[in-house]
Amino acid sequence: MSDKVRVRYAPSPTGYPHVGNIRTALFNWLFARHHGGSFIVRIEDTDVARTVDGAVEAILDGLRWLGIDWDEGPQAGGNFGPYVQSERLNKYKAAAKKLIEQGDAYYCYCPPERLEEMRNEQMKNKQPPGYDRRCRDMPVPEGVLKWMSGMKRVVRFRTPLAGKTTFHDIIRGDVTFENSTVDDFVIIKSDGFPTYHLASIVDDYEMGITHVLRAEEWLSSTPRHLLMYKAMGYKPPEFAHLPMLLGTDRSKLSKRHGSVSIMDYKEQGYLPEAMMNFLSLLGWSLDGKTELMTVKEIIKNFTLGRVNSTGAIFNVEKLDWMNGVYIRDLKVDDFSQRVIPFLERDLPSDVKRPLSLEYVKQIAPLVQERVKKLNEIAELTDFFFTENLEYDPNILVAKKTSRETTGIMLETALKELGELPDFTEEALENILRPMAEKLEVKTGQLFGTLRSATTGREAAPPLFQTMAVLGKERCIKRINEALVVLDKAKDKTVKE
RNA sequence: GGCGCAUUCGUCUAGUGGCCUAGGACACAUCCCUCUCAAGGAUGAGAUCACGGGUUCGAAUCCCGUAUGCGCUACCA
């Protein structure tokens, strides 16, 4: 590749940043970074009706969250601006004018209702739907008359009636379309805005885009674009149509498949680095074996030759696993920092904020390897923060033990723990293990009972560490409370 | 309906004519470790490479056809 690579991500601000879209952005970015080229963001806001306030910022936030930076575009500037299509209308008008003048485009006065009717008729007769070209050869004076009388008009491209358009897709190889299957599509809408087709080719040309990497859904409109490049006398860029992201039923990923906004994933506690790693593997692979990679490694190895052509189902289970791997890899301090916003968001409201970073740092290592998503943190650790525990008294009585035995275990623990000078993990272990032996119960039974008493749950981090972090005072208090509610529990001497 | 693209374990994928009696990962199962839950380790089950024809000494890999899926078929992108 002798020319410097210039690629773009061209989202339209019609809603939240969709993961499928972001994946396209990611591949463009990886491609640019791999080749030392430029990654450009261009906002395609040519659909006035569908434009949503705040969408641009949301999309940019999504990119930033993942660590995708752009060399040119909104907030970054660049020499090819403006990077917002609604600020480039004159360029599209000029292009349309040129096409009309050289006979490659024409005004069409057909009202939407007629087109609708025409389509219905075509469908009914099992004809391929498409514009019937009624205005294609309208004499100029007639058009002028309609225009003067106030009729609305659009500009359509005059598609060649015969011939073929072939192009080489970097991922799929040669693709050919019969021009006769391409209808006279609209390039300027009646509101004066261009359609995607016109705007994108004008901008891609003027911004010096060398490669267009976009989702497969665009494959069928590529001949339109090529025809326009030709009519405009532009040299077309190279094309690569990326496989789509699919939902579990293999259809285009959408809301009904679950979360589709990249920001939802952020809020659920996926790490951006895990998300990027996972997304990069949807349609691309290094060697079929290496899956966990740093951004650097991904960039270093990312080539279109290793992008496949089959749509990929967005497999959340694998994402969860990968996120867990990344979480476990975090340094305790880092993990603690990242977890605080989630704790502050999800812990019961009576827990005082702001949380102590020092205290969180004590808790964090106990749950780090047990968490797949950061939003699980509050649920897993709330007993470290709340004063009163609420739980089913039955969990105090370990399997195959009686209420009486449980009472004895709690009393004994209470007494010996009370005399323990330093409440460390090691000291606790040294006192609790022999205690089980003395009481002639299994360690699992004793520890289980104490776990329930001190945490209010049956599954928690290792007992000694947990108790050490909770501290002597709180553990004693909770064991006392356990003794009170024990009355309500049932014996479990009979095998369940 | 038309056009286009695709088709390897449930899922993500490796595979570019012989190394494939098809490899890895997630998920799943069993076992080990173990104070619970995880994590970790080991083992296992799971794909007649959509199907049918060719080409070839030899095909998951090349060609043709069929089927299925998906996408497009807007004054949306």
Side-chain angles (χ1 to χ4, degrees), chain A residues 10-14 21 44-47 49-50 108 110-112 115-116 119 122-123 125-131 152-156 169 171-172 175-178 180-183 185-191 193 195-197 199-200 214-223 241 243-244 246 248-252 278 281-292 306 308-322 324-325 328 367-372 380 398 429 432-433 436 442-452 455 457-464:
Chain A
S12 67
T14 51
N21 245 295
E44 308 224 323
D45 57 346
T46 55
D47 188 340
R50 289 205 312 154
C108 167
C110 296
L115 298 174
E116 179 75 39
R119 258 193 299 276
Q122 286 165 333
M123 301 280 251
N125 299 331
K126 301 204 167 175
Q127 296 291 312
Y131 180 56
K152 295 213 174 221
R153 66 184 183 184
V154 301
V155 178
R156 285 182 185 274
D169 185 285
I171 293 170
R172 290 152 213 277
V175 183
T176 300
F177 290 83
E178 293 283 345
S180 60
T181 63
V182 182
D183 75 346
F185 53 97
V186 173
I187 58 175
I188 298 276
K189 299 180 258 187
S190 58
D191 62 2
F193 276 69
T195 58
Y196 168 86
H197 306 300
S200 72
R214 59 192 357 174
E216 190 193 338
E217 47 190 316
W218 291 107
L219 190 62
S220 349
S221 21
T222 306
H241 289 91
M244 299 211 303
L246 275 22
T248 40
D249 60 355
R250 301 212 78 91
S251 67
K252 203 166 155 180
F278 176 72
L281 255 12
L282 256 26
W284 172 83
S285 67
L286 201 177
D287 54 14
K289 288 190 170 68
T290 314
E291 299 201 294
L292 297 164
R306 296 206 58 88
N308 65 267
S309 47
T310 322
I313 292 177
F314 188 89
N315 183 191
V316 187
E317 284 180 341
K318 187 153 184 173
L319 207 211
D320 286 349
W321 161 77
M322 191 171 277
V325 173
R328 274 173 253 131
V367 290
Q368 189 167 356
E369 66 176 27
R370 294 172 168 74
V371 168
K372 282 205 162 74
L380 242 43
E429 176 151 20
L432 259 16
R433 283 200 189 275
K442 288 183 177 163
T443 48
Q445 294 172 320
L446 206 220
F447 298 169
T449 294
L450 290 176
R451 168 176 297 106
S452 299
T455 69
R457 52 187 66 189
E458 291 177 285
L463 222 218
F464 315 130

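Chain naming here is simple, since letters A, B, ... match the order of the sequence lines and numbering starts at 1 in each.
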Which part of the nucleic acid does A:Ser452 contact within heavy-atom distance under 4.0 Å: base, sugar-phosphate only, or nothing? nothing
Quick one: closest heavy-atom pair of A:Phe177 and A:Ser220, and the distance? CZ-CA, 4.0 Å
Measuring to OP1 and OP2 of B:A14, would you say a side-chain N or O of A:Ser285 lies under 4.0 angstrom away? yes
A:Lys442 NZ to B:U34 P, in whole Å, measures 15 Å
In whole angstrom, what separates A:Leu463's CG from B:U34's P? 17 Å
Output all residues satisfying salt bridge (Lys or Arg N to Asp or Glu O under 4.0 Å) with A:Asp287, sequence neighbours left out; order by chain, then residue number. none
Could you tell me the Watson-Crick or G-U partner of B:A29, where both distances fall under 3.5 Å? Say none if there is no partner. B:U43
Side-chain contact check for A:Arg370: nearest option of B:C12, B:A6, B:C37 is B:C37
Relative to the 5' end of RNA chain B, which residue comes earlier, A:Ala459 or A:Pro111, by the nucleotide with the nearest heavy atom? A:Ala459
What does A:Val154 touch in the nucleic acid at a heavy-atom separation under 4.0 angstrom: a base, only the sugar-phosphate, or nothing? base
N/O to N/O distances under 3.5 Å, protein versus nucleotides 7-9 of chain B:
| from | atom 1 | to | atom 2 | distance (Å) |
| --- | --- | --- | --- | --- |
| B:U7 | OP1 | A:Thr310 | OG1 | 3.4 |

Rounded to the nearest angstrom, tell me the gap between atom CE in A:Met322 and atom P in B:U11. 18 Å
d(CG, A:Leu446; P, B:U34) in whole Å: 18 Å
Separation between the P atoms of B:C28 and B:C20, rounded to whole Å: 30 Å
Cation over ring, A:Arg156 on A:Phe185, under 6.0 Å and within 45°? no
Select one nucleotide: of B:C35, B:C12, B:A39, the one nearest the side-chain heavy atoms of A:Ile313. B:C12
Can you identify which nucleotide, out of B:C35, B:U13, B:C75, has its nearest atom closest to the A:Ala312 side chain? B:U13
Evaluation steps, side chain to side chain contact (heavy atoms under 4.5 Å, CB included), between A:Ile188 and A:Thr195: CA-CA 6 Å; A:Ile188 298 276; A:Thr195 58; over 6 Å; no
Check every strand shown and say whether A:Arg153 touches a base, only sugar-phosphate, or nothing at a heavy-atom separation below 4.0 Å. nothing
Scan A:Gly448 against the nucleic acid and name what it touches under 4.0 Å (heavy atoms): base, sugar-phosphate only, or nothing. nothing
Quick one, A:Leu292 with A:Val325, criterion side chain to side chain contact (heavy atoms under 4.5 Å, CB included). Give me CA distance, side-chain angles, the key distance, then yes/no. CA-CA 9 Å; A:Leu292 297 164; A:Val325 173; 3.8 Å; yes
Is A:Arg457 near enough to B:U36 that one of its side-chain N or O atoms lies under 4.0 angstrom from OP1 or OP2? no
Which nucleotide in the list B:C37, B:A6, B:C35 gets nearest to the side chain of A:Phe464? B:C35
Can a donor-acceptor pair under 3.5 Å be found between the side-chain atoms of A:Ser190 and the base atoms of B:C75? yes
Between A:Thr222 and A:His241, is any side-chain donor less than 3.5 angstrom from a side-chain acceptor? yes
Mind calculating the distance between CG (A:Leu450) and P (B:C37) to the nearest angstrom? 17 Å
Check every strand shown and say whether A:Gly324 touches a base, only sugar-phosphate, or nothing at a heavy-atom separation below 4.0 Å. nothing
Can you identify which nucleotide, out of B:A77, B:C75, B:U13, has its nearest atom closest to the A:Arg50 side chain? B:A77
Distance in angstrom units between A:Leu380 CG and B:A39 P, rounded: 12 Å
Distance between the C1' atoms of B:U8 and B:G4, in whole angstroms? 23 Å
To the nearest Å, how far apart are A:Lys126 NZ and B:G2 P? 9 Å
Shortest non-hydrogen contact from A:Asp183 to A:Gly130? OD2-CA, 3.4 Å
Mark up nucleotides 19-31 of chain B, 5' to 3', with B wherever a protein heavy atom is under 4.0 angstrom from a base atom, S wherever such an atom reaches only the sugar-phosphate, and - elsewhere. ----BBBSS----
Between B:G15 and B:G23, how far apart are the C1' atoms? Round to whole Å, please. 8 Å
What are the two closest heavy atoms between A:Leu219 and A:Arg172, and how far apart are they? CD2-CD, 4.1 Å
Looking only at side-chain N and O atoms, does A:Arg328 come under 4.0 Å of OP1 or OP2 in B:A38? no
Work out which heavy atom in A:Arg119 is nearest to a heavy atom in A:Pro129; give both atom names and the distance. CG-CB, 4.1 Å
Taken in chain and number order and not counting sequence neighbours, the residues that satisfy salt bridge (Lys or Arg N to Asp or Glu O under 4.0 Å) with A:Glu217 are A:Lys252
Hey, does the side chain of A:Thr46 come within less than 4.0 Å of B:A77's phosphate (OP1/OP2), counting only N and O? yes
Which heavy atom of A:Pro243 sits nearest a heavy atom of A:Thr310, and at what distance? CB-O, 3.1 Å
Between B:U13, B:G15, B:C35, which nucleotide gets closest to the side-chain atoms of A:Asn308? B:U13
Could you list the residues that satisfy side-chain hydrogen bond (donor to acceptor under 3.5 Å, both in side chains) with A:Arg50, not counting sequence neighbours? A:Asp47
Using atom P of each nucleotide, how far apart are B:C63 and B:A59 to the nearest Å? 15 Å
Rounded to whole Å, the CD1-P distance (A:Ile187 to B:C76) equals 13 Å
Distances under 3.5 Å between nitrogen or oxygen atoms of protein and nucleotides 68-73 of chain B:
| from | atom 1 | to | atom 2 | distance (Å) |
| --- | --- | --- | --- | --- |
| B:G71 | OP1 | A:Lys252 | N | 3.3 |
| B:C72 | OP1 | A:Lys252 | NZ | 2.9 |
| B:U73 | O2' | A:Pro129 | O | 3.3 |

So, for A:Glu291 and A:Met322, which heavy atoms are closest and what is the spacing to 0.1 Å? O-CE, 3.9 Å
